[in-house]
Chemist: 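The structure's right below; bear with me while I get my questions together.
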Amino acid sequence: MSKKRTIDAFFGAAIPKPPKKPRDVNTVSPETSLGNAHLDGLKTASNAKEPEVALSQDAKSVPTEAFTKQNVPGSIKTEEAIPRNSDDFSMHPAYPFPIPHLPPALAAELPSWPASLGRVINDQPDLDLLYFEPYVARGLGGSGGSARALFEFLRAELPFYRVEYDINRGGTSTHIRTPRWTTVFGLDDTSRFGGSGNEKILDAKNGCDVSADKFYTRYKPRSIPKCLDDLRRSAQEATGCEFNFCLVNYYASGADSISFHSDDERFLGPLPAIASFSLGARRDFLLKHKPTPPPMGGEHTEAMKNATSKPLKLPLASGDMILMRGPTQANWLHSIPKRTGKNAADGGRINITFRRALIKAGTDNYYNYNVGTGPVYKWDRVNREMQLWKKDL
Ligand SMILES: O=C(O)CCC(=O)C(=O)O
Ligand SMILES: [Fe+2]
(Lines give C-alpha, C1' and ligand atoms only; values in the text may rest on other atoms or scores of the structure.)
(Ligands and ions follow the chains in the order given, each with its own letter.)
Protein backbone atom coordinates (compact mmCIF):
# COMPACT_ATOMS: atom_id res chain seq x y z
CA MET A 1 0.00 0.00 0.00
CA SER A 2 1.33 3.43 -0.90
CA LYS A 3 2.60 5.50 1.96
CA LYS A 4 0.99 8.50 0.32
CA ARG A 5 -2.39 6.94 0.59
CA THR A 6 -4.90 9.67 1.26
CA ILE A 7 -7.77 9.56 3.65
CA ASP A 8 -10.17 9.55 0.70
CA ALA A 9 -8.53 6.46 -0.64
CA PHE A 10 -8.88 4.90 2.78
CA PHE A 11 -12.52 5.74 3.17
CA GLY A 12 -13.40 4.69 -0.34
CA ALA A 13 -11.64 1.40 0.13
CA ALA A 14 -14.03 -0.73 2.11
CA ILE A 15 -16.65 -2.42 0.00
CA PRO A 16 -18.27 -5.44 1.57
CA LYS A 17 -18.20 -8.46 -0.72
CA PRO A 18 -21.05 -10.92 -1.15
CA PRO A 19 -21.36 -13.40 1.71
CA LYS A 20 -18.67 -16.05 1.66
CA LYS A 21 -18.33 -18.60 4.40
CA PRO A 22 -14.89 -19.03 5.96
CA ARG A 23 -13.51 -22.53 5.76
CA ASP A 24 -14.84 -25.15 8.08
CA VAL A 25 -13.05 -24.80 11.38
CA ASN A 26 -14.62 -27.61 13.28
CA THR A 27 -11.86 -30.05 12.62
CA VAL A 28 -9.56 -30.42 15.57
CA SER A 29 -6.14 -29.21 14.56
CA PRO A 30 -2.88 -29.89 16.33
CA GLU A 31 -2.69 -26.20 17.03
CA THR A 32 0.24 -24.88 18.92
CA SER A 33 1.08 -21.92 21.08
CA LEU A 34 0.57 -18.47 19.64
CA GLY A 35 3.46 -18.42 17.40
CA ASN A 36 6.42 -19.82 19.24
CA ALA A 37 6.23 -23.13 17.45
CA HIS A 38 9.15 -22.28 15.25
CA LEU A 39 11.24 -20.75 18.00
CA ASP A 40 10.63 -22.99 20.94
CA GLY A 41 9.24 -26.19 19.53
CA LEU A 42 5.78 -27.63 19.94
CA LYS A 43 3.73 -27.00 23.05
CA THR A 44 1.34 -29.39 24.69
CA ALA A 45 -1.94 -29.78 22.84
CA SER A 46 -5.05 -30.98 24.57
CA ASN A 47 -8.21 -32.24 22.98
CA ALA A 48 -9.53 -33.57 26.27
CA LYS A 49 -13.31 -33.89 26.21
CA GLU A 50 -14.98 -31.47 28.60
CA PRO A 51 -18.59 -31.45 29.84
CA GLU A 52 -20.95 -29.59 27.58
CA VAL A 53 -21.85 -26.06 28.58
CA ALA A 54 -24.26 -23.60 27.04
CA LEU A 55 -22.61 -20.42 25.90
CA SER A 56 -23.89 -17.06 27.07
CA GLN A 57 -26.94 -15.83 25.23
CA ASP A 58 -26.80 -12.19 26.23
CA ALA A 59 -26.27 -10.98 22.69
CA LYS A 60 -28.04 -7.74 22.02
CA SER A 61 -26.70 -5.51 19.34
CA VAL A 62 -25.51 -2.22 20.79
CA PRO A 63 -25.81 0.56 18.27
CA THR A 64 -22.59 2.36 17.46
CA GLU A 65 -22.62 5.96 18.56
CA ALA A 66 -23.55 8.49 15.92
CA PHE A 67 -20.76 10.78 14.84
CA THR A 68 -21.77 14.38 14.57
CA LYS A 69 -18.81 16.26 13.12
CA GLN A 70 -18.36 17.01 9.44
CA ASN A 71 -19.18 13.80 7.67
CA VAL A 72 -17.17 11.78 5.21
CA PRO A 73 -18.67 8.88 3.29
CA GLY A 74 -19.09 5.90 5.59
CA SER A 75 -17.23 2.84 4.41
CA ILE A 76 -19.39 0.18 6.02
CA LYS A 77 -22.44 -0.24 3.87
CA THR A 78 -24.68 -2.13 6.24
CA GLU A 79 -28.00 -1.33 7.85
CA GLU A 80 -26.01 0.27 10.65
CA ALA A 81 -23.96 2.44 8.33
CA ILE A 82 -23.07 5.66 10.10
CA PRO A 83 -21.37 8.60 8.46
CA ARG A 84 -18.18 9.39 10.33
CA ASN A 85 -15.55 12.05 10.50
CA SER A 86 -11.94 11.24 9.67
CA ASP A 87 -10.86 12.62 13.06
CA ASP A 88 -12.67 9.74 14.70
CA PHE A 89 -10.44 7.04 13.20
CA SER A 90 -6.97 5.64 13.65
CA MET A 91 -5.14 5.25 10.38
CA HIS A 92 -1.96 3.50 9.44
CA PRO A 93 -0.53 2.50 6.06
CA ALA A 94 -0.49 -1.12 7.18
CA TYR A 95 -4.17 -1.18 8.20
CA PRO A 96 -6.50 -2.49 5.49
CA PHE A 97 -9.05 0.15 6.56
CA PRO A 98 -9.31 2.94 9.17
CA ILE A 99 -10.27 1.83 12.68
CA PRO A 100 -12.70 4.05 14.60
CA HIS A 101 -12.01 5.41 18.07
CA LEU A 102 -14.17 4.12 20.91
CA PRO A 103 -17.78 5.29 20.78
CA PRO A 104 -18.18 8.33 23.09
CA ALA A 105 -20.19 6.44 25.72
CA LEU A 106 -17.40 3.86 26.16
CA ALA A 107 -14.65 6.47 26.06
CA ALA A 108 -16.47 8.37 28.81
CA GLU A 109 -16.61 5.26 30.99
CA LEU A 110 -13.04 4.16 30.49
CA PRO A 111 -11.53 6.31 33.29
CA SER A 112 -13.72 4.43 35.79
CA TRP A 113 -12.16 1.07 34.90
CA PRO A 114 -11.26 -1.33 36.43
CA ALA A 115 -14.84 -1.69 37.63
CA SER A 116 -13.72 -3.90 40.54
CA LEU A 117 -10.57 -4.62 42.54
CA GLY A 118 -8.27 -7.37 41.34
CA ARG A 119 -8.16 -10.60 43.36
CA VAL A 120 -4.81 -12.33 43.72
CA ILE A 121 -4.72 -16.07 42.99
CA ASN A 122 -1.35 -17.40 44.09
CA ASP A 123 -2.27 -20.35 46.28
CA GLN A 124 -0.53 -22.89 44.04
CA PRO A 125 3.13 -23.41 43.20
CA ASP A 126 4.49 -20.97 40.61
CA LEU A 127 1.09 -19.38 40.02
CA ASP A 128 0.49 -15.64 40.22
CA LEU A 129 -2.77 -14.28 38.79
CA LEU A 130 -4.63 -11.03 39.36
CA TYR A 131 -8.29 -11.50 38.48
CA PHE A 132 -10.64 -8.56 37.86
CA GLU A 133 -14.27 -9.72 37.90
CA PRO A 134 -15.07 -7.58 36.00
CA TYR A 135 -12.67 -4.97 34.68
CA VAL A 136 -15.13 -3.60 32.12
CA ALA A 137 -18.59 -3.12 33.65
CA ARG A 138 -21.18 -5.72 32.67
CA GLY A 139 -24.22 -3.55 33.44
CA LEU A 140 -27.46 -4.48 35.10
CA GLY A 141 -30.57 -6.25 33.90
CA GLY A 142 -28.92 -8.45 31.30
CA SER A 143 -27.95 -5.58 29.00
CA GLY A 144 -24.33 -6.65 28.96
CA GLY A 145 -23.28 -3.08 29.72
CA SER A 146 -20.01 -1.62 28.50
CA ALA A 147 -18.41 -5.04 28.12
CA ARG A 148 -21.02 -6.06 25.54
CA ALA A 149 -20.80 -2.70 23.78
CA LEU A 150 -17.01 -3.02 23.58
CA PHE A 151 -17.36 -6.56 22.24
CA GLU A 152 -19.80 -5.51 19.50
CA PHE A 153 -17.64 -2.53 18.59
CA LEU A 154 -14.34 -4.44 18.30
CA ARG A 155 -15.85 -7.38 16.44
CA ALA A 156 -17.32 -5.01 13.85
CA GLU A 157 -14.37 -2.67 13.42
CA LEU A 158 -11.14 -4.69 13.54
CA PRO A 159 -9.56 -6.57 10.64
CA PHE A 160 -9.37 -10.32 11.34
CA TYR A 161 -7.39 -13.18 9.84
CA ARG A 162 -7.63 -16.95 9.74
CA VAL A 163 -3.97 -17.87 9.85
CA GLU A 164 -2.55 -21.10 8.44
CA TYR A 165 1.02 -22.28 8.69
CA ASP A 166 3.18 -25.41 8.55
CA ILE A 167 5.16 -26.83 11.41
CA ASN A 168 7.85 -29.45 11.38
CA ARG A 169 7.71 -32.21 13.97
CA GLY A 170 10.48 -34.78 13.82
CA GLY A 171 10.85 -34.30 10.08
CA THR A 172 7.11 -34.45 9.41
CA SER A 173 5.40 -31.31 8.20
CA THR A 174 1.92 -30.59 9.56
CA HIS A 175 -0.43 -27.94 8.22
CA ILE A 176 -2.03 -25.92 11.03
CA ARG A 177 -5.29 -24.02 10.68
CA THR A 178 -5.59 -21.67 13.63
CA PRO A 179 -9.00 -22.53 15.14
CA ARG A 180 -10.09 -18.94 15.81
CA TRP A 181 -9.87 -15.48 14.25
CA THR A 182 -6.85 -13.39 15.15
CA THR A 183 -5.36 -9.94 14.68
CA VAL A 184 -2.41 -8.07 16.18
CA PHE A 185 -1.00 -4.55 16.58
CA GLY A 186 2.21 -3.27 18.11
CA LEU A 187 5.97 -3.06 17.99
CA ASP A 188 8.70 -4.42 20.26
CA ASP A 189 10.70 -2.31 22.73
CA THR A 190 13.68 -1.72 20.43
CA SER A 191 11.67 0.51 18.07
CA ARG A 192 8.88 3.06 17.83
CA PHE A 193 6.60 4.31 15.09
CA GLY A 194 7.51 7.67 13.58
CA GLY A 195 6.89 10.02 10.68
CA SER A 196 3.80 12.12 10.09
CA GLY A 197 1.48 9.12 9.79
CA ASN A 198 3.40 6.60 11.91
CA GLU A 199 4.51 5.06 8.63
CA LYS A 200 8.17 4.79 9.69
CA ILE A 201 9.80 2.51 12.19
CA LEU A 202 12.57 4.22 14.12
CA ASP A 203 15.16 2.89 16.50
CA ALA A 204 13.88 3.62 20.02
CA LYS A 205 17.31 4.86 21.17
CA ASN A 206 18.91 6.75 18.28
CA GLY A 207 15.89 7.53 16.08
CA CYS A 208 17.46 5.91 12.96
CA ASP A 209 15.04 4.51 10.40
CA VAL A 210 14.94 0.72 10.88
CA SER A 211 11.90 0.07 8.65
CA ALA A 212 14.04 -2.11 6.38
CA ASP A 213 15.12 -4.48 9.16
CA LYS A 214 14.45 -8.11 8.22
CA PHE A 215 12.13 -8.54 11.21
CA TYR A 216 9.95 -5.64 10.03
CA THR A 217 9.75 -6.42 6.32
CA ARG A 218 8.10 -9.86 6.13
CA TYR A 219 5.01 -8.23 7.69
CA LYS A 220 4.52 -4.53 8.13
CA PRO A 221 4.04 -3.72 11.83
CA ARG A 222 0.98 -1.57 12.59
CA SER A 223 0.47 0.83 15.46
CA ILE A 224 -2.11 0.00 18.11
CA PRO A 225 -5.33 1.84 17.13
CA LYS A 226 -6.57 4.37 19.67
CA CYS A 227 -9.60 2.25 20.62
CA LEU A 228 -7.27 -0.53 21.86
CA ASP A 229 -4.53 1.81 23.02
CA ASP A 230 -6.97 3.44 25.44
CA LEU A 231 -7.56 0.01 26.97
CA ARG A 232 -3.80 -0.72 26.99
CA ARG A 233 -3.12 2.47 28.96
CA SER A 234 -5.88 1.60 31.40
CA ALA A 235 -4.42 -1.90 31.89
CA GLN A 236 -0.95 -0.43 32.43
CA GLU A 237 -2.27 1.87 35.13
CA ALA A 238 -4.24 -0.88 36.83
CA THR A 239 -1.38 -3.38 36.86
CA GLY A 240 1.82 -1.32 36.93
CA CYS A 241 3.03 -3.35 33.93
CA GLU A 242 4.11 -2.04 30.52
CA PHE A 243 2.70 -3.38 27.27
CA ASN A 244 3.65 -2.74 23.64
CA PHE A 245 1.63 -5.44 21.87
CA CYS A 246 -2.06 -6.11 21.55
CA LEU A 247 -3.22 -9.53 20.30
CA VAL A 248 -6.90 -10.15 19.65
CA ASN A 249 -8.64 -13.53 19.36
CA TYR A 250 -12.22 -13.88 18.18
CA TYR A 251 -13.89 -17.20 19.00
CA ALA A 252 -16.99 -17.24 16.79
CA SER A 253 -18.53 -20.19 18.63
CA GLY A 254 -17.67 -23.10 20.92
CA ALA A 255 -15.93 -24.71 17.93
CA ASP A 256 -13.16 -22.11 18.13
CA SER A 257 -10.47 -22.66 20.72
CA ILE A 258 -6.86 -22.33 21.80
CA SER A 259 -5.05 -25.44 22.91
CA PHE A 260 -2.89 -25.77 26.01
CA HIS A 261 0.20 -23.60 25.71
CA SER A 262 2.22 -21.05 27.64
CA ASP A 263 3.20 -17.59 26.44
CA ASP A 264 6.79 -18.05 27.45
CA GLU A 265 8.60 -17.05 24.28
CA ARG A 266 12.12 -15.84 24.90
CA PHE A 267 11.30 -12.49 23.31
CA LEU A 268 8.97 -11.71 26.25
CA GLY A 269 11.75 -12.03 28.83
CA PRO A 270 11.88 -14.35 31.86
CA LEU A 271 8.79 -13.31 33.90
CA PRO A 272 6.34 -11.90 31.36
CA ALA A 273 3.14 -10.17 32.51
CA ILE A 274 0.15 -10.64 30.20
CA ALA A 275 -3.16 -8.83 30.69
CA SER A 276 -5.99 -10.86 29.16
CA PHE A 277 -9.48 -9.37 28.63
CA SER A 278 -12.64 -11.38 27.94
CA LEU A 279 -15.63 -9.86 26.12
CA GLY A 280 -18.82 -11.57 24.95
CA ALA A 281 -19.72 -15.17 25.62
CA ARG A 282 -18.51 -16.86 28.79
CA ARG A 283 -15.80 -19.46 28.13
CA ASP A 284 -13.83 -21.72 30.43
CA PHE A 285 -10.16 -20.85 30.88
CA LEU A 286 -8.20 -23.90 31.97
CA LEU A 287 -4.83 -23.82 33.70
CA LYS A 288 -2.59 -26.75 34.56
CA HIS A 289 0.95 -26.99 35.85
CA LYS A 290 3.59 -28.04 33.33
CA PRO A 291 4.96 -31.51 33.98
CA THR A 292 7.79 -31.34 36.50
CA PRO A 293 10.81 -33.64 36.07
CA PRO A 294 10.34 -36.92 37.96
CA PRO A 295 12.61 -37.68 40.93
CA MET A 296 16.01 -39.15 40.02
CA GLY A 297 15.55 -42.54 38.43
CA GLY A 298 11.88 -42.66 39.31
CA GLU A 299 8.52 -41.77 37.84
CA HIS A 300 5.77 -39.38 38.90
CA THR A 301 2.63 -41.05 40.14
CA GLU A 302 -0.73 -39.28 39.69
CA ALA A 303 -0.85 -38.78 43.47
CA MET A 304 2.51 -37.02 43.45
CA LYS A 305 1.39 -34.72 40.66
CA ASN A 306 -1.86 -33.82 42.42
CA ALA A 307 -0.15 -33.24 45.74
CA THR A 308 1.73 -30.27 44.37
CA SER A 309 -0.73 -28.53 42.06
CA LYS A 310 -4.33 -28.76 40.95
CA PRO A 311 -5.70 -27.76 37.57
CA LEU A 312 -7.85 -24.62 37.58
CA LYS A 313 -11.01 -23.80 35.65
CA LEU A 314 -12.00 -20.13 35.54
CA PRO A 315 -15.29 -19.47 33.72
CA LEU A 316 -14.24 -16.13 32.25
CA ALA A 317 -17.19 -13.79 31.77
CA SER A 318 -17.69 -10.72 29.62
CA GLY A 319 -15.66 -7.82 31.02
CA ASP A 320 -13.26 -9.96 33.08
CA MET A 321 -9.53 -9.37 32.97
CA ILE A 322 -6.92 -11.78 34.19
CA LEU A 323 -3.32 -10.73 34.60
CA MET A 324 -0.89 -13.64 34.37
CA ARG A 325 2.46 -12.65 35.86
CA GLY A 326 5.63 -13.72 37.66
CA PRO A 327 6.50 -17.41 37.21
CA THR A 328 3.07 -18.32 35.74
CA GLN A 329 4.06 -18.61 32.05
CA ALA A 330 7.24 -20.53 32.84
CA ASN A 331 5.35 -23.15 34.84
CA TRP A 332 1.70 -23.29 33.81
CA LEU A 333 -0.19 -24.04 30.60
CA HIS A 334 -3.52 -22.44 29.71
CA SER A 335 -6.25 -23.09 27.17
CA ILE A 336 -9.77 -22.25 26.00
CA PRO A 337 -11.14 -25.70 25.08
CA LYS A 338 -13.76 -26.30 22.42
CA ARG A 339 -17.34 -26.46 23.70
CA THR A 340 -20.40 -27.93 22.06
CA GLY A 341 -22.96 -25.58 23.56
CA LYS A 342 -26.40 -24.81 22.24
CA ASN A 343 -25.10 -21.51 21.00
CA ALA A 344 -28.50 -20.41 19.66
CA ALA A 345 -27.83 -16.71 20.12
CA ASP A 346 -24.39 -15.18 19.85
CA GLY A 347 -21.71 -17.43 21.29
CA GLY A 348 -18.92 -15.15 20.06
CA ARG A 349 -16.14 -14.13 22.40
CA ILE A 350 -13.28 -11.69 22.03
CA ASN A 351 -10.05 -12.06 23.95
CA ILE A 352 -7.55 -9.21 24.04
CA THR A 353 -4.06 -9.75 25.42
CA PHE A 354 -1.57 -6.98 26.11
CA ARG A 355 2.05 -8.09 26.23
CA ARG A 356 5.54 -6.63 26.06
CA ALA A 357 7.90 -7.93 23.38
CA LEU A 358 11.50 -7.01 24.10
CA ILE A 359 13.19 -7.70 20.76
CA LYS A 360 12.51 -7.49 17.02
CA ALA A 361 12.09 -11.25 16.63
CA GLY A 362 8.95 -10.94 18.76
CA THR A 363 7.40 -8.51 16.32
CA ASP A 364 7.97 -10.81 13.34
CA ASN A 365 6.66 -13.79 15.32
CA TYR A 366 3.44 -12.12 16.44
CA TYR A 367 2.55 -10.88 12.94
CA ASN A 368 3.44 -14.24 11.43
CA TYR A 369 1.05 -16.19 13.63
CA ASN A 370 -1.73 -13.63 14.06
CA VAL A 371 -1.90 -11.87 10.67
CA GLY A 372 0.00 -14.06 8.22
CA THR A 373 -0.26 -13.78 4.46
CA GLY A 374 -3.92 -14.70 3.97
CA PRO A 375 -6.89 -12.45 3.23
CA VAL A 376 -8.49 -9.90 5.55
CA TYR A 377 -11.94 -10.56 7.02
CA LYS A 378 -14.38 -8.08 8.50
CA TRP A 379 -17.55 -8.64 10.49
CA ASP A 380 -20.73 -8.23 8.44
CA ARG A 381 -23.42 -6.74 10.68
CA VAL A 382 -26.25 -7.87 8.39
CA ASN A 383 -25.27 -11.49 7.84
CA ARG A 384 -23.65 -11.62 11.28
CA GLU A 385 -20.51 -13.43 10.20
CA MET A 386 -16.96 -12.68 9.18
CA GLN A 387 -16.72 -11.93 5.48
CA LEU A 388 -13.81 -11.70 3.13
CA TRP A 389 -12.80 -8.04 2.87
CA LYS A 390 -11.38 -6.63 -0.34
CA LYS A 391 -10.33 -3.08 -0.97
CA ASP A 392 -12.02 -1.24 -3.79
CA LEU A 393 -9.80 -1.22 -6.86
O1 LIG B 1 -8.79 -16.45 24.90
C2 LIG B 1 -8.19 -16.50 25.96
O3 LIG B 1 -8.69 -16.20 27.04
C4 LIG B 1 -6.74 -16.98 25.98
C5 LIG B 1 -5.94 -16.55 24.80
C6 LIG B 1 -4.52 -16.95 24.92
O7 LIG B 1 -4.15 -17.74 25.72
C8 LIG B 1 -3.54 -16.36 24.04
O9 LIG B 1 -3.90 -15.58 23.14
O10 LIG B 1 -2.35 -16.66 24.19
FE1 LIG C 1 -2.00 -17.65 25.90
Side-chain angles (χ1 to χ4, degrees), residues 31-37 39-40 42-46 50 55-56 121 127-136 147 150-151 154-155 158 160-163 176 178-186 228 231-232 235 243 245-265 267-268 272-288 290 312-325 328-339 347-357 362 365-372:
E31 201 251 336
T32 66
S33 163
L34 266 194
N36 55 0
L39 294 181
D40 297 336
L42 264 181
K43 301 293 175 189
T44 317
S46 168
E50 295 286 333
L55 293 167
S56 155
I121 305 178
L127 187 71
D128 191 359
L129 307 174
L130 185 60
Y131 189 11
F132 296 83
E133 279 180 286
Y135 189 105
V136 181
L150 185 55
F151 167 77
L154 293 173
R155 176 169 63 177
L158 298 179
F160 283 98
Y161 306 85
R162 202 83 194 194
V163 176
I176 306 294
T178 303
R180 62 190 175 280
W181 303 90
T182 54
T183 199
V184 66
F185 305 91
L228 288 169
L231 191 61
R232 180 187 69 90
F243 306 113
F245 257 95
C246 175
L247 281 66
V248 183
N249 293 306
Y250 172 58
Y251 305 83
S253 72
D256 282 353
S257 61
I258 189 163
S259 56
F260 268 112
H261 68 282
S262 56
D263 299 304
D264 60 350
E265 294 95 339
F267 59 72
L268 294 175
I274 298 178
S276 183
F277 286 83
S278 294
L279 302 167
R282 184 185 290 264
R283 290 288 293 263
D284 284 339
F285 184 64
L286 309 185
L287 286 141
K288 67 179 182 189
K290 290 183 185 178
L312 247 74
K313 176 156 84 178
L314 302 174
L316 299 182
S318 189
D320 287 357
M321 192 271 259
I322 190 148
L323 179 74
M324 297 179 270
R325 62 185 176 184
T328 306
Q329 297 301 334
N331 294 283
W332 287 74
L333 301 165
H334 56 271
S335 75
I336 300 280
K338 293 185 192 301
R339 294 295 194 223
R349 169 178 181 267
I350 280 182
N351 163 258
I352 305 163
T353 51
F354 293 106
R355 312 163 184 222
R356 183 180 183 189
N365 181 290
Y366 277 153
Y367 285 95
N368 187 37
Y369 292 104
N370 295 283
V371 170

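Note that ligands are numbered from 1 as they come in the structure, with each ligand's atoms numbered from 1 the same way.
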Chemist: With backbone taken as N, CA, C and O and side chain as the heavy atoms from C-beta onward, which portion of His334 lies under 4.0 Å from ligand 1: side chain, backbone, both, or neither?
Modeler: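 Only the side chain of His334 comes within reach of ligand 1.
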Chemist: Using the six-membered ring wherever Trp is involved, compare the ring planes of Phe277 and Phe354 and label them parallel, tilted or perpendicular (cut-offs 30° and 60°).
Modeler: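 It falls in the perpendicular class, over 60°.
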Chemist: Using a 3.5 Å distance criterion without hydrogens, assess whether the side chain of Tyr366 forms a donor-acceptor pair with backbone atoms of Val371.
Modeler: no
Chemist: Measuring from the heavy atoms of Arg355, does anything fall under 4.0 Å of ligand 1?
Modeler: yes
Chemist: Are any side-chain N or O atoms of Arg283 and backbone N or O atoms of Ser253, one a donor and one an acceptor, separated by less than 3.5 Å?
Modeler: yes
Chemist: Is the shortest heavy-atom distance from the side chain of Leu279 to the side chain of Leu154 under 4.5 Å?
Modeler: yes
Chemist: Could you tell me whether some N/O pair between Ser278 and ligand 1 is separated by less than 3.5 angstrom?
Modeler: no
Chemist: Is the closest heavy atom of Arg349 to ligand 1 under 4.0 Å?
Modeler: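 Arg349 counts as a contact of ligand 1 under the 4.0 Å cut-off.
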Chemist: Looking only at atom types and distance, does a side-chain atom of Thr328 sit under 3.5 Å from a main-chain N or O of Asp128, one as donor and one as acceptor?
Modeler: yes
Chemist: Could a heavy atom of His261 be found less than 4.0 Å from some atom of ligand 1?
Modeler: yes
Chemist: Just checking, any donor-acceptor pair under 3.5 angstrom between side chains of Tyr161 and Asn370?
Modeler: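 Side chains of Tyr161 and Asn370: no pair found under 3.5 Å.
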Chemist: For atom 9 (O) of ligand 1, tell me which residue out of Leu247, Asn249, Thr353 has the closest non-hydrogen atom.
Modeler: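 Shortest heavy-atom distance from atom 9 (O) of ligand 1: Asn249.
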Chemist: Measure from the Fe ion (ligand 2) to every N/O/S atom of Asp263 and report the name of the nearest one.
Modeler: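 When I compare the N, O and S atoms of Asp263, OD2 is nearest to the Fe ion (ligand 2).
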Chemist: Among Leu312, Ile258, Leu316, which residue meets the side-chain contact (heavy atoms from CB on, under 4.5 Å) test with Phe285?
Modeler: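 For Phe285, the side-chain contact (heavy atoms from CB on, under 4.5 Å) check succeeds only for Leu316.
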Chemist: Just which atoms of ligand 1 are under 4.0 Å from any heavy atom in Asp263?
Modeler: 10 (O)
Chemist: Quick one: which ligand 1 atoms are inside 4.0 Å of a heavy atom on Tyr251?
Modeler: 1 (O), 2 (C), 4 (C), 5 (C)
Chemist: Is Ile258 touching ligand 1 with its side chain, its backbone, both, or neither, if touching means heavy atoms under 4.0 Å apart?
Modeler: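 For Ile258, the contact with ligand 1 is made by the side chain alone.
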